[in-house]
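Here the structure is laid out as structure tokens; the discussion comes afterwards.
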There are 2 protein chains.
Amino acid sequence: MAEKRRSPCAMSVKAHAFSVEALIGAEKRRRTSGDGDLFPGYEDRQDVLDLPGSPGLRAGRASTSDQGSEADCPSDGSPESDDAPLERPQPVASCAAAPGTGTGEETRVELQGSDLWKRFHEIGTEMIITKAGRRMFPAMRVKITDLDPHQQYYIAMDIIPVDNKRYRYVYHSSKWMVAGNADSPVPPRVYIHPDSPASGETWMRQVVSFDKLKLTNNELDDQGHIILHSMHKYQPRVHVIHKECGDDLSPVRAVPDGEGTRTFSFPETVFTTVTAYQNQQITRLKIDRNPFAKGFRDSGRNRMGLEALVESYAFWRPSQPCPCQEYPQT
Amino acid sequence: MAEKRRSPCAMSVKAHAFSVEALIGAEKRRRTSGDGDLFPGYEDRQDVLDLPGSPGLRAGRASTSDQGSEADCPSDGSPESDDAPLERPQPVASCAAAPGTGTGEETRVELQGSDLWKRFHEIGTEMIITKAGRRMFPAMRVKITDLDPHQQYYIAMDIIPVDNKRYRYVYHSSKWMVAGNADSPVPPRVYIHPDSPASGETWMRQVVSFDKLKLTNNELDDQGHIILHSMHKYQPRVHVIHKECGDDLSPVRAVPDGEGTRTFSFPETVFTTVTAYQNQQITRLKIDRNPFAKGFRDSGRNRMGLEALVESYAFWRPSQPCPCQEYPQT
DNA sequence: AGTTTGACACCTAGGTGTTAACCT
DNA sequence: AGGTTAACACCTAGGTGTCAAACT
């Protein structure tokens, strides 16, 4: 039942058709009207912190929003935004919650490396997007607990707009300012964790990392990367989806809502997309923490490596050999 | 070292428990008696060539052996062996064939890059095994056709002994000679293709590559690599396993036999395991064809790169700067 | 003497921010 | 003037055969 309908790929998820479907624009995706102050359909689970009020509450699709914890991670950059993602109405799914035992009602998702995330967030996290696709740094890494060990789940990630605004970075004040309304929606993309599907036991034993996920500004992307607009604010979300409810799951459709799907997000992971870094503090922190940027670290700058040596030699080396050099240091 | 990021897990297949089970020796694995001339339980599918007699025949666990096609790929190295794998009795599986429509009776698996395989085979293919695990070169790459597009399958690979012999390479005659009986069996390992499980449609759309598979001689390996004895002859096999029949599938147990499992092997992929190459022709061909060995190609040997340049500079460079060099080329 | 091991130089493959050119 | 792009040097990560030493 509900196996594979019109999608060319019968197998529900793994290597879905990126080719044609990828070019189809997003339709019933999200409202672009001004509802930036409501946060339904947005279940949050802050880090190690539990909600004071009703932690596990989850009624249908309108669930609690953990906006209060945002206070722990103030963003000094966005005057008009509160870093809470827009509502994104999703098609009503027919999938029911897991039958029998624990339905995952108490499932918890904990962000790993949130200290680093918060350091970025305090400055105002920026993520570069390129045509070919760029990884996020830091990458989303979560630890999942209280799954049913014997049930099968998909773990997926998507990234939703925080508001309907477009931003601009004002250098002289080192602040992000609203620069207008958001651009038109991009094709929906979902990053399905490559280990999916797997048992609850498997997911819980490891840290689930989304480091292979890539961001792009190419709306015609056919690599399955997540498509975003530059100079917009976004909120990554993690979805835990029961296997039986994953039939509608696709890299090129919005994550289906329903009883078998639980969604988590972390306010400190909000970021602004850029094609080149705006805030130099962000650049510094990225260089300092991302191993792949080690070449730009100060210790690397002051190096006296082979190239520097060759350069200094080149300075006093003649274009043609100098006879006086042929018998060095006699 | 390659993918140590994966932690052990107990999900049915994906990344099964490598930890403890891996240390358990193989028990009901294969007979080491002298039945080297019989080939039951060994279904073969030669390349593009079809069997002349009964191609798709497959009755229970005793299936046809495609030994005849071996004549196409003569091995000049092994006097006593005929490159046909030993029988390996497997536990009787309770899984029945796929219900309803096509059971995959006509499934075909075609070896990709068989030209290269045959060039190696003509010399006498050798594969290096190391403690840390070594990839195969060439890697097994197959194209699968005539699966049921809507069924789910696992694709797996294992490697079985060709005979009960241990070999030795005699340099002066450039030939492999029998050097005694095989060592005692190693723990069984199965490489489950990382895209598993996937639909028939998904598998058929792509070339299925086993290039991430690694070979090791470490019987205590906990990385999930395939454990082999050095100086023995082996035959890789590809298994197509119905999802419903994959419950017994595990990286550390022999591939379950049964109606839902089909097995394919290609005589030209037989190889002898070594810890250092014996036949220099093999070394040359590996260097010539494996991109990662490009540094050993002749064209690479004659390079005049930066290092060579620096070396030559060092030859006539003085220990202290020469004044006459401060104003070059006036 | 035959086989195995580990350090090594040399590659592939690809993730960084930088920079200059380009676009609008 | 602000935003984007592509080439680039510089990294990480890891797959090669080589070689000398160690093992048995």
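Note on naming: letters A, B, ... go to the chains in the order of the sequence lines (proteins, then strands), and numbering restarts at 1 for each one. As the structure is a prediction and not an experimental result, all values here were calculated from the model.
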(request) Give the dot-bracket string for DNA chain C, reading 5' to 3', where a pair is Watson-Crick or G-U wobble with both distances under 3.5 Å, ( ) marks pairs inside the strand, [ ] marks pairs crossing earlier ones, | marks a partner on another strand, and . marks unpaired. (result) ||||||||||||||||||||||||

Using side-chain contact (heavy atoms from CB on, under 4.5 Å) as the criterion, list what pairs up with [X], not counting sequence neighbours.
| X | value |
| --- | --- |
| B/S230 | B/I129, B/T275 |
| B/Q281 | B/I123, B/N279, B/R284 |
| A/F292 | A/R135, A/N290 |
| B/R141 | B/Q112, B/V207, B/S209 |

Between protein and nucleotides 5-7 of chain D, what N or O pairs are separated by less than 3.5 Å?
unit_1 : atom_1 : unit_2 : atom_2 : d
D/dT5  : OP2    : A/N217 : ND2    : 2.8

(request) Counting heavy atoms from C-beta on, name the nucleotide in C/dT18, D/dG17, D/dG3 closest to the side chain of A/F296. (result)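 Given the options C/dT18, D/dG17, D/dG3, the side chain of A/F296 is closest to C/dT18.
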
(message) Side chain of B/T283, heavy atoms from C-beta onward: which of D/dG3, D/dT18, D/dG15 has the nearest atom to it?
(response)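 Looking only at heavy atoms from C-beta outward on B/T283, the closest nucleotide is D/dT18.
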
(message) Taking donor-acceptor contacts at under 3.5 Å, does the side chain of B/R134 reach the base of D/dG17?
(response)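 Per atom types, the contact qualifies.
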
(message) Using the side chain to side chain donor-acceptor pair (under 3.5 Å) criterion, which residues pair with A/T125? Sequence neighbours excluded.
(response)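 In terms of side chain to side chain donor-acceptor pair (under 3.5 Å), with neighbours along the sequence ignored, A/T125 is linked to no residue.
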
(request) Go through the structure and list residues passing side chain to side chain donor-acceptor pair (under 3.5 Å) with B/N181, not counting sequence neighbours. (result)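 For B/N181 the side chain to side chain donor-acceptor pair (under 3.5 Å) partners, ignoring immediate neighbours, are B/K165.
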
(request) Applying ring pair (Phe, Tyr, Trp, His ring centres under 6.0 Å), name anything that partners B/F137, two or more places apart in sequence or on another chain. (result)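 By the ring pair (Phe, Tyr, Trp, His ring centres under 6.0 Å) rule, B/F137 matches no residue at all.
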
(message) According to ring pair (Phe, Tyr, Trp, His ring centres under 6.0 Å), who are the partners of B/H193, at least two apart in sequence or on a separate chain?
(response)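 Per chain and number, B/H193 pairs via ring pair (Phe, Tyr, Trp, His ring centres under 6.0 Å) with B/W203, B/F210.
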
(message) Taking the nucleotide of DNA chain C with the nearest heavy atom to each, does B/V274 or A/R135 sit closer to the 5' end?
(response)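 Mapping each residue to its closest nucleotide by heavy atoms, the 5'-most match is B/V274.
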
(message) Please give me every residue in residues 286-293 of chain B whose heavy atoms get under 4.0 Å of an atom in DNA chain C, ordered by residue number.
(response)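 Within residues 286-293 of chain B, the residues near DNA chain C are B/P291, B/F292.
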
(request) May I ask you to decide whether B/K131 forms a salt bridge with B/D221, counting only side-chain N to carboxylate O separations under 4.0 Å? (result)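 No, no charged N to carboxylate O under 4.0 Å.
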
(request) Quick one: list whatever passes salt bridge (charged side-chain N to carboxylate O under 4.0 Å, His left out) with B/R166, sequence neighbours left out. (result)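 Scan of B/R166 (salt bridge (charged side-chain N to carboxylate O under 4.0 Å, His left out), adjacent residues dropped) gives B/D183.
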
(message) Students often get this wrong, so: under 4.0 angstrom with heavy atoms, is B/Y277 touching a base, only sugar-phosphate, or nothing?
(response)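 Since only primed, P, OP1 and OP2 atoms lie under 4.0 Å of B/Y277, the category is sugar-phosphate.
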
